[in-house]
Amino acid sequence: LDAGSADIRGDAVDVDAPQTSGDARVDAARDAEVDGDMDAPLDPTTSACDRDPASTSASPPWGDPMPACIATYDVATQAELDARLGKAIAGDCIVVGDGTYAIGALDVTGNAARPIVVRAQHRGKTVIASGTLTTSAKTAYLVLDGFDWTTTGSLRIDGCDHCRLTRNRFRLTETADMDWIVLTNTNHVRIDHNEIGPKAHTGNPISIFGTGGAVARNTRIDHNHIHDLQTGGDYPSKGCGFNPGGEAIRVGVSGLAALSSATIIEHNLFERCDGDPETISTKTSDNVVRYNTFRSTAGSISLRVGDRGRVCGNFVFGGGKACSGGIRLIGEGHAVYDNYVEGVDGYALELHAGDPTHPPVANAVVVFNTFLGGDQSLYVGGDAKDCVIANNIFTAKSGTLIRLGGTAAPPGLVAMANLAPLGAAKLGVGGAPWTAAFLDRDPSFVLRGELSVLGPASTNAIGAAEGSYPAASVDIDGQARDDHPDIGADELSTSAIERSPLTPAEVGPGSP
Ligand SMILES: [Ca+2]
Ligand SMILES: [Ca+2]
């Protein structure tokens, strides 16, 4: 897809950015963005999980549905493709025949009503076998749909406004460590319904990055199947992957932590993502990680630095894998609710004390989760400040259920109405507030599919929640909590189940 032509800009006035902006819908969208940028971020402790960060004004996700093509062109050779891209204007759909192609600079400008769509004629049979995709600030509303990416290059998406990578397969050819898809200076990019992996070398399949004091914003990463990330490295004594820089998705770097990137990571399936102890690492603010499923993955959801994150409605099945973990929090104002974590090797929940370069967790609200841990379930750092841990279920198979980083309860901790049936484990802490806030009572789970949920006999959990947490208005199933909420991620309800753990058939290029 090497546009490779100097005449893109001069070929048609429609492609020139200022002229394109004459489209009323584009103007409206851009105005809305500017307005959205000026809104204060949502308070994660009071906003429901399905609300987007204030700055992501594109809802529903852009491209659902995709505007119709104004003109459709079939191409079957590299030369035809390059020629057509060289004169692409808003509303063009370019359908690329089976075969092998090269990618390069792609600076084309569509608009909200008339994107430029470059699509494989037969999904997966058009192979991007060489080259590196680059874009510039001129690129807007470009859609790449259905390609099989095997190139040794990468995707350097810079400056795109509303670009979309959809229903592709990414299995890039690696000869060294490399990031695959890197976003810089973008706004409203969507990466959806792709298959990503396997990946054998260190580096991020998806990196939300920034330059010059800015970070890519309002990215939506949804319905992808991300799997089989490398297991190299030498994590001490565990035999599992540990190569810093191998996160499945990395959002920012520490120097960008104060910036709002408002990334939404939702409805993705992660399987065997073993490249880094952090499967997802967010290093910016106002990010949302929701409704994803993680299986047999040697890492955790880590809000590594940055504030006001939301982690809600995720299913994590560690399968006992070494170095699998649940949710780790550092930074201020995070909200964690409606998550189901089971069978992880590390902590199911970690409220981190921070370190010399990362401030400790503060003002986190962790409510209505089910944490079924391995040897240990909950870690609370000594400097964790003013956090709430309420209405959760914690279990550990053995060992100590709770471990403290300090010698006493951290300052300002509000803990209440958690069920912590001990079985063969010890609570690990004593006195206030622990023994009264982590009750050795059986939730009397029943098995529904692979989930341990409440049943009619779950009297210790049903209606036993305390406090008011309006953000957690629906449970892990997407069912509404009633006026007497139940402890844990599940509310016992007869209403329809809206969400379940994801399977490969429900994500990726071939999914509905
Ligand atoms: Ca109830
Ligand atoms: Ca339920």
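One-based numbering along the sequence shown. These numbers come from the heavy atoms of this one structure, side chains and all, not from hydrogens, waters or symmetry mates. Numbering of ligands and ligand atoms starts at 1, following listing order.
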Kindly indicate whether the side chain of C323, heavy atoms from C-beta on, has any atom under 4.5 Å from the side chain of P277.
-> no
Just wondering, is there an N, O or S atom on S493 that's nearer than 3.0 Å to the Ca ion (ligand 2)?
-> no
Any donor-acceptor N or O pair under 3.5 Å, side chains D192, T166 | yes
Given atoms OD1 of D486 and O of H484, what angle do they subtend at the Ca ion (ligand 1), to the nearest 10 degrees?
-> 90°
Lys/Arg-Asp/Glu bridge criterion (N-O < 4.0 Å) met for R290, D52 = yes
Output field for angle at the Ca ion (ligand 2), D490.OD1 vs E491.O, rounded to 10°, should show 80°
Rounded to the nearest 10 degrees, what's the angle OD2 of D475 makes with OD2 of D477 at the Ca ion (ligand 2)? Could you check?
-> 90°
Identify the residue among N339, N369, T370 that makes a side-chain hydrogen bond (donor to acceptor under 3.5 Å, both in side chains) with N392.
-> N369
Metal site the Ca ion (ligand 1): N/O/S of D483 inside 3.0 Å | no
Between F294 and F270, is a ring-ring contact (aromatic ring centres under 6.0 Å, His included) present by the stated rule, with each step listed?
-> CA-CA 5 Å; F294 301 79; F270 299 82; 4.5 Å; yes
